[in-house]
Amino acid sequence: MIKKDRVFAEINLENLEYNIEQIKKIVAKNCKIMAVIKADAYGHGMVEVAQKLNSIGISNFAVATLDEAITLRKNKIFGNILILGYTDIKNIKYVEKYDLIQTIVDYEYAEKISKLKYNINAHIKINTGMNRIGESYKNISNIENIFKIKNIKVIGMYTHLSVSDSLKEDDVKFTKTQIDNFYSIAESLKKLGHNPGKIHIQSSYGLLNYNFLKCDFVRVGIIMYGIYEKKNSSIKLDLKNVLTLKAKVASVKEIDSGEAVSYGRTFIAKEKTKVATITIGYADGYPRNLSNKNVKVLINGKYGKIIGRICMDMLMVDVTGIDVKQGDIVTLIGKEEGICANKIASASKTISYELLSGLGKRVKKVYIGK
Ligand SMILES: *Cc1c(COP(=O)(O)O)cnc(C)c1O
C-alpha cells in the first residue's frame, strides 16, 4: 500500500500513551480504563490502537459491533471485549466462540438468548434516561429475571449518561438522578442476592465532570484520542492530539481579480490571488459544508484559507504571501488552535466524534511510536 502519496493521517501512539497516563491521574481508586475503540478507534485504526493499549497494560475494550470485536480477536488482542451495541440473535454463537461480552439491550433480548444453546458472558445495560438501549431502571423484576437466565452469565452492569458534558444546573441535576437510579438498582439487586459484577457509568465527560464515582470501569473514548471541549469540563486535562490529517499540494497558480474558483463560481477573487490545490476532498471525510467558511489549513507554518466549493477529491486554498510549491505537505487537522478537531468540527456544525470517525477509506494511516 502506498502510504504518503495523497492524503494520510499520522497517528501518534506515543501521544495515546501520554493521554492514558493523564487519564489515569483522575480515575478513581480501583477503577480501570475500558478503552472505547469502536468505529475504527474514532478513525485512528482500531487494531493498531488496541495493540498499543495492550502493550501498555490496558486489557479492557469496548466496541460497537460484533464485527469489530471479532476483528480484535483475530488480531490477537487480549483481554475483555465488550460489545456496546445490538448483536443479531442469529449471531450470538460468535459471542461464545470468540469469548466476547455482549450487552443485554433489554429483557426481550435476554429472553431470546435464553432459547439458544450458547453460553455467553454479558453486561446488562440499564436505561436511566438516555432512552437508547437498556432495560429500564424502573423494571427491577425484568432486570432480576435476566440474572436467572442460565446461559447468560451476567458479569457486569452499566448505564450511559446523556448530558454529562454539560455543566448547566439542570443537566447536572439530571445526570445525578441517572447516577442515583443506577446505583440504587445495583443495591436492590445485591439485596435480592444477585451480583451485578463490574459496574460502569462514565464515558469521557462523565469522567471529567464526575470523576469521584465508585465504579469498576470508565469507558473512555474521545479523551484517549486527546480531544475534549474545555468549556464542557470541570477537570482540565493536559492531552495531546493523536491524529494529524495531512494532504499534498497538487498545483499552485495565480489568478486575477474577478476570476472564480471551483464549482458554482462561489468564490471570486477580489485581487490577484495565489491558489493552491490540495489533495483532499469530501470523499476523504473532509466536510463539504466547510466550503467558503473561512476555514484554514496549515502550509509551511502559515495558515491559508479554503476558497470556493470543496470537491470530492480536491480543495483550493488561498496561499497568497505563503511560500508554497507542488508536493508540499498540508495539515488539515492537527494540534494547532486554528485547525484542531473541535474547531474544524464546529465550523462544520458537527462534533469531533463525527469528523474523525467519518474520515474516508482513502485516508491512509501512518503510525508513530508503534
Ligand atoms: C461511544 C461510547 C462511549 C465513549 O464515549 P466518549 O465520549 O468517546 O468517551 C462510552 N460508552 C458508550 C455506551 C458509548 O457508546
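Values below: every heavy atom of this structure, side chains too, minus hydrogens, waters and symmetry copies. Just follow the structure's listing: the first ligand is 1, and inside any ligand the first atom is 1.
- Side-chain atoms of Asn15 come within 3.5 Å of backbone N or O of Asn241 as a donor-acceptor pair.
- Side chain of Tyr109 to backbone of Thr87: a donor-acceptor contact under 3.5 angstrom is found.
- Screening Met34, His123, Gln202 for a side-chain contact (heavy atoms from CB on, under 4.5 Å) involving Tyr158 leaves a single residue, His123.
- Cation-pi geometry between Lys240 and Tyr18 is met: under 6.0 angstrom from the ring centre, within 45 degrees of the axis.
- For atom 9 (O) of ligand 1, the nearest non-hydrogen atom of the protein is Ser204 OG, 2.5 Å.
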Checklist entry - Passes salt bridge (Lys or Arg N to Asp or Glu O under 4.0 Å), Asp216 versus Lys32? Steps please. => result CA-CA 6 Å; Asp216 294 291; Lys32 286 188 173 147; over 6 Å; no
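- For ligand 1, the atoms lying closer than 4.0 Å to a non-hydrogen atom of Val220 are 9 (O).
- The distance criterion of under 3.5 Å between nitrogen or oxygen atoms is not met by Tyr158 with respect to ligand 1.
- Close contacts between ligand 1 and Leu84 involve ligand atoms 12 (C), 14 (C), 15 (O) [criterion: under 4.0 Å to a heavy atom].
- Of all the heavy atoms of Tyr205, none lies under 4.0 Å from any atom of ligand 1, so neither backbone nor side chain is involved.
- Not a single donor-acceptor pair under 3.5 Å links the side chain of Lys76 to the backbone N or O of Arg73.
- Among protein heavy atoms, atom 7 (O) of ligand 1 sits closest to Tyr353 OH, 2.7 Å.
- Listed by atom number, the atoms of ligand 1 under 4.0 Å from Arg132 heavy atoms are 13 (C), 15 (O).
- Numbered from 1 in the order shown, with element, the atoms of ligand 1 that lie under 4.0 Å from a heavy atom of His160 read 10 (C), 11 (N), 12 (C), 13 (C), 14 (C).
- Closest to atom 11 (N) of ligand 1 among all protein heavy atoms lies Arg219 NE, 2.8 Å.
- Counting only heavy atoms of the protein, atom 15 (O) of ligand 1 lies nearest to Lys38 NZ, 2.7 Å.
- Of the protein's heavy atoms, Tyr42 OH, 3.4 Å lies nearest to atom 4 (C) of ligand 1.
- For the pair Glu10 and Lys246, the salt-bridge criterion is met [side-chain N within less than 4.0 Å of a carboxylate O].
- Cluster annotation: Leu359 is not connected to Ile329 through the hydrophobic network of ILVMFWY side chains, with a link wherever side-chain heavy atoms come within less than 4.5 Å.
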